[in-house]
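What follows is one structure encoded as C-alpha cells, with my remarks underneath.
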Amino acid sequence: MVAEHEAKALLREAGVPVPRGVVVRGMDFGPVMDLREPLVLKAYGPGIVHKSEAGAVVLGLRRADVPAEAARMLAEVVGTEGFLIEEQASAGVELIVGLVHDPGFGPVLLAGLGGVWAETLRDTALGLCPISEGDARRMLGSLRGSPVLYGLRGRPGVDVDAVVKLLMTVGGAGGLWERLELGEFEINPVIATESGIVAVDARYLPAADAAPEAADSGEPADFGPLFEPRAVAVVGASTSRPNFGNMFLEFYKAAGVPLVAVHPEAREVGGVPAVPSLATADVDYALVAVPAERCAEVVRQAIGVPYVQVMSGGFGEAGRPELEQELVAAARAAGTRLLGPNCMGVYCPRGRQTFVGGGLGPAGTVALISQSGGLAGEVIKVGERRGLAFSRVVTVGNAADVTPAELLRWLSTDPETRAVGLYLEDPRDGRALYEALAAAPMPVVLLVGGRSAQGQRAAASHTGGLVSDGRIWQALADQTGATLVTSQDDLIGVLAFFQAHGTRTTGPYDGTAVPGDQVGAPGAASGDEPGSLRAASHGGALVIGPSGGASVLAADVFDRAGVPLGPLPDSVLGELRRLGLGAGSSLANPLEVPVGPRSGPDLVRRAVEVIVRHLPYPDVVAHVNVQSFFTYGTRAEPLFEYARALAATQDALPGIRVTLVTRNGECAPPGVEDEVRAIVAAAGIPVYRSMEAASVAVAAGGRNGTA
Ligand code: ADP
Ligand code: MG
C-alpha cells in the first residue's frame, strides 16, 4: 500500500485540495511550527491500514502536544514508521470517493456519503470510468442522503460543483483512473463544506497483477453471413440414433436454407446430402453438435467456413476451461469465428437461420443477443406471439470467441435492426460492453441473470466491497441510456414498445429521481437533470381509463417506474367538461373516462385529442377493464370498436406514443385479446396485460426519446 502522504501528493498534483501537512520520520517535530492549529497526527507504516482502529489517528492537537502523542503512538501502534501531521479541516459533510478495478468492467468510480453512511446504508453510487459531468451530478443526486449536500431544513448545502469537479478529476476523461495502476484508490473521507472540499484521507493500493487487456473495440467482424448464410452445414446428425444434430437438420429443412450434413460415412442424413468433412463443405455457417472432446477436431477442419457454432456443452461452464481454450485455438487455426460453445445458435427469418421449431416468424427490426439459448427461444416464441418481429437473434453461450459486445457493435451498424435486447449472465466482457452500449445508436434493453450472486467477491477497501454487487449493471444502464429490466416478460414488453414506437420520438424524460428536485437543489438547477419535466414543456404520460381504484393504483405504479404523470393544464378543463367528463369524478391525470360496453368507443379519443392540444404528453396510456365487457355476455364487438377508436387516435397523433393496457384479459373468451392486439398493432400500439408491465415499457421509451 502506498503511504497516505504519497497518495495525497498524487491528489495535490491533480489539483485536489488536501490539508497542509508535514511528514516526520524521526522524532524532530520542528516542521509542525508552520502548521495552523488544530492539528491531526497520523502514524503510517506497514500493516497500518485502518488508522482509527489501530489508534493511529489523533485529532484536535496543539503543536506543543504533538511530540508526546507521537511518542505514545510509536510505543503503542505496531509497525509505525513515521508520522503525518496535518492541519485539521473544518467540519462538514464527509464523503467517500473511490476507484476500483472491477475484473469485468474495468475502472469503476464510487461516490457516497462517508463513514457510517457508506458502511451501514451502502448509500453509494457507481459510475464506469470515464464518467461525464452529467453522470457525476446524477450519481450525487441518486444518493438517498443527497439532501445534506444540497441543503436541508435551513442547513446550508455544500459546494456541489467542487464535489463534481473532484469526481471528474478522479473518474472523468483524463482523470486519475487513467494514470493509476489500479488497484484501488480511495478518498475516505473528503470533507465538503459550503466553501469547497478537502481530501483528508487517501489510500492507494496498486494492482497486485497486471491490469487486464483493454477492451477490444476495433471493427467488428462482418456478421452478415452469420445471420444470412448462403448455406449451412450440420455436423453430428446421426443416421441411426436421432440427436440434436438431427433436430436442427429438420429445423433447417423446414426453413429452406441450402443445407449439407457432415458425416464420416453416410452419403445422406435424413434426406440431406452429406459430405465426410467440413473441409469440403462450401457453407457460411456450420453447426457442430458432437461430444465436447471431439469439437476442436471438427472446428480445425472448418477452413473457409466463416462461422462455426458449437452447440455442445461440457467446456468452461462444466469446469473444463482447457477444452474451451483448445476449441478457441482450433477456430483461430482454421481462420473461422466461433459462436459458443454451449449455445443454440442464430435465428434470423431474413436469412432462414433458426434454432426453434414451428417455422420462421416474420422478419422485423428487433435484435436479441442472449447468453442463454433457452431464454432466447422463449423470447422468440412468446415475443412473436405478442407481435415482435426479429431482425437478428444470436445466442452466445460461453462467448469464448464472439462476444455480446462485438455483436452489439455490429448490430449498431445493421440497417435492419432498430432495437436490441440483451440477456447476460456474467460481466466478463463488461468493459467492451460498456463501450458498445455507449456507442449504440438504437434503444437497448438489458436483462441480467445472476446479479445477486455477483456480490460475493472479496475486496480490500470499502470501495471494493461496495462495488462488488449487481448494482454496477444499473450504473452501466444509467450511463449508456440502456434500460435495465428484471424479468423476461419486461424484456419482451420493452422490445415491443421500442418496435411499436421506435420512430415516434417525443421524449425525452428520464425516470431517475433526483432528490434534489424537491429541495431546490443547486445541482438540479442546470436544467438537464433527469427526473423532472423540463419546465412543463410536456406532460410526461397521460393515463386514461375507467374506474377510480385502477386509476389511483396506476398513479402509484407509474410513479414507481419513474414516469411522471404531469397534471392536466387548467386551460383544458372546460373543454373536458363539455365532453361530459368530470361529473362524478375529478378531472386529473390519471383521467377517469368511462370505457365499457355501454359507453361510446370514441370518448377516449376525443379526450386525448383535446388534452394534447393544450399540453403535449409524449405518452398516452389507455387502459380498459376487459372483464367489464363480458359480464353480461360474450359479444366482443364493443371492445373491438374501442380498440379501433384507439388505433384511430394513434393514427391521428403521430407525435405521441399510445399504449394499451388490457386489464383482466383472462376474462375475455379465447381469441379476443389476440384480435384486440391485432387491431391496435396495425396502428403501431403495443399492448400490455398489466399496468406494471406498461409502466416499465413507457419508462424505457422515455429514456430513449429524443426531443
Ligand atoms: P482511517 O485510516 O481510520 O480512515 P482517517 O485518516 O480517515 O483514518 O482519519 C479518521 C477520521 O478522522 C476521518 O474520517 C476524519 O473524520 C478525521 N480526520 C482525519 N484527518 C483529518 C483532517 N486533516 N482534518 C479533519 N478531519 C480529519
Ligand atoms: Mg479514512
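Atoms within each ligand, like the ligands themselves, are counted from 1 in listed order. Nothing here was measured: the structure is a model prediction, and the numbers come from that model.
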Among all the protein's non-hydrogen atoms, which is closest to [atom], and how far away is it?
{"atom": "atom 7 (O) of ligand 1", "result": "D201 OD2, 2.9 Å"}
{"atom": "atom 25 (C) of ligand 1", "result": "A89 N, 3.3 Å"}
{"atom": "atom 26 (N) of ligand 1", "result": "I191 CD1, 3.9 Å"}
{"atom": "atom 18 (N) of ligand 1", "result": "L59 CD2, 3.6 Å"}
{"atom": "atom 14 (O) of ligand 1", "result": "P189 CD, 3.3 Å"}
{"atom": "atom 23 (N) of ligand 1", "result": "E86 OE2, 2.9 Å"}

Residues that V696 engages under side-chain contact (heavy atoms from CB on, under 4.5 Å), provided they are two or more places apart: V485, D490, V494
Indicate, as side chain, backbone, both or neither, the part of E87 found under 4.0 angstrom from ligand 1 when only non-hydrogen atoms are considered. backbone
What protein atoms of element N, O or S are positioned under 2.8 Å from the Mg ion (ligand 2)? N188 O, D201 OD2
In ligand 1, which numbered atoms sit nearer than 4.0 Å to a non-hydrogen atom of [X]?
{"X": "E94", "result": "14 (O), 15 (C), 16 (O)"}
{"X": "V49", "result": "2 (O)"}
{"X": "P19", "result": "23 (N)"}
{"X": "Q88", "result": "24 (N), 25 (C)"}
{"X": "S52", "result": "1 (P), 3 (O), 8 (O), 10 (C)"}

Start with the C-alpha distance between D159 and I197, add both sets of side-chain angles, then the distance that settles side-chain contact (heavy atoms from CB on, under 4.5 Å), and finish with yes or no. CA-CA 7 Å; D159 184 349; I197 59 158; 5.7 Å; no
So is V198 close enough to ligand 1, meaning a heavy atom under 4.0 angstrom away? no
Just going by heavy-atom distances, which of L84, L39, V200 is nearest to atom 22 (C) of ligand 1? V200
Strictly inside 4.0 angstrom of atom 10 (C) of ligand 1, do you find any protein heavy atom? yes
